[in-house]
Amino acid sequence: MKCQYCEKPATFHITELTGEQGPQILHLCEDHARQFLKNGNGNAGAASSITGALAQTLKLSTAKDELAETDQKACPVCGITFFEFRNTGRLGCPNDYDFFKSDLLPLLKNIHDAQRHVGKRPRRAAAMADQHENLVALRREMQDAIGREDYERAGQIRDQLQQIEANLNDDGEPS
């Protein structure tokens, strides 16, 4: 269907209930819908509700253009585009969280009403999880020291790891 005022496709279809005259149907393109919104055509009561809905729709249209632009952004590390993320719901690599941060934060806010996870951790596993993270970091640091041929530092880290693992075993928890 075409706009009532031009040859463009009508994307806004408005039905105004005017009372005695019966319903008035408008078929408008985006440009004429914006003009309708600016001029405030129609009844004062009807126009306010229509213009509010129309304004919201036009804002969504602008957001749609911005989203199309955002969809083209691609991670320099893994190459995933924001469009691929939106379709699959999965990011390609840890770098994506930083690269798409400005686009992900409003999405998380909209979905979860928050941008920070405040979930629960099992009480008994909380301390263990921190210690295991520490062990992983120390093992990684030891591998880096070996790669740099800094065997003295690697030996210190190895001794530290053995001490932590011994403490874990004394507490009755597996290492």
Side-chain angles (χ1 to χ4, degrees), residues 8-12 28-35 37-38 51-175:
K8 293 180 184 176
T11 54
F12 296 92
L28 305 172
C29 65
E30 186 172 330
D31 295 332
H32 284 106
R34 286 184 196 275
Q35 188 177 12
L37 178 64
K38 285 181 185 175
T51 55
L54 191 54
Q56 184 64 29
T57 305
L58 290 173
K59 285 180 188 174
L60 291 175
S61 175
T62 305
K64 184 177 168 184
D65 295 339
E66 292 172 2
L67 183 62
E69 194 175 299
T70 302
D71 280 347
Q72 300 303 314
K73 289 172 63 176
C75 173
V77 176
C78 68
I80 191 171
T81 63
F82 196 73
F83 177 76
E84 291 175 70
F85 161 69
R86 285 192 319 112
N87 286 335
T88 63
R90 294 183 180 183
L91 293 171
C93 70
N95 184 59
D96 293 343
Y97 291 99
D98 292 326
F99 186 75
F100 295 119
K101 183 176 184 175
S102 62
D103 305 311
L104 290 174
L105 288 177
L107 183 64
L108 291 172
K109 179 74 172 162
N110 187 26
I111 293 171
H112 300 290
D113 287 334
Q115 295 175 348
R116 185 171 167 257
H117 178 68
V118 290
K120 297 179 181 178
R121 288 171 72 173
R123 286 188 180 131
R124 68 173 188 204
M128 294 299 295
D130 292 339
Q131 288 178 341
H132 286 289
E133 286 177 27
N134 188 23
L135 286 172
V136 169
L138 284 172
R139 287 186 182 117
R140 196 172 297 135
E141 187 181 344
M142 184 173 73
Q143 290 300 322
D144 289 344
I146 291 170
R148 292 188 318 265
E149 296 182 6
D150 186 359
Y151 299 114
E152 185 175 326
R153 177 67 184 141
Q156 291 170 350
I157 296 170
R158 182 203 59 222
D159 295 342
Q160 210 174 350
L161 282 168
Q162 288 174 346
Q163 184 179 6
I164 293 171
E165 289 173 348
N167 289 341
L168 286 176
N169 289 333
D170 289 345
D171 294 338
E173 296 290 336
S175 56

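The basis for the numbers below is simple: all heavy atoms, side chains too, and nothing from hydrogens, waters or symmetry mates.
The minimum heavy-atom distance between T11 and E30, with the atom names listed, is OG1-N, 3.8 Å. Closest approach of C93 to C78, counting heavy atoms only: SG-SG, 3.7 Å. For Q72 against T81, the heavy-atom pair with the smallest separation is O-CG2, 4.5 Å. G79 and E84 make their closest contact through O-OE2, 4.0 Å (heavy atoms, listed as atom of the first residue, atom of the second, distance). What you find for N95 and C75 is that their closest heavy atoms are ND2-SG, 3.4 Å.
One finds the CG atom of L105 at 12.5 Å from the OH atom of Y97 (value rounded to the nearest 0.5 Å). Note that CG of L135 is 10.0 Å distant from CD of Q160, once rounded to the nearest 0.5 Å. Interatomic distance, Q143 CD to E141 CD, rounded to the nearest 0.5 Å: 11.5 Å. Rounded to the nearest 0.5 Å, atoms CE (M142) and CD1 (I146) are 5.0 Å apart. For the atom pair CG (D96) and CG (D103), the distance works out to 11.5 Å, reported to the nearest 0.5 Å.
The environment of CD in E152 is sparse: at most 12 heavy-atom neighbours from other residues, nucleotides or ligands sit within 6.0 Å.
Taking the side chain to side chain contact (heavy atoms under 4.5 Å, CB included) definition, one finds that R90 meets it with T88, sequence neighbours left out.
Taking the centre and axis of the six-membered ring of F100, the NZ or CZ atom of K73 falls outside the cone set by 45° and 6.0 Å.
Between L104 and F85 there is a side-chain heavy-atom pair separated by less than 4.5 Å.
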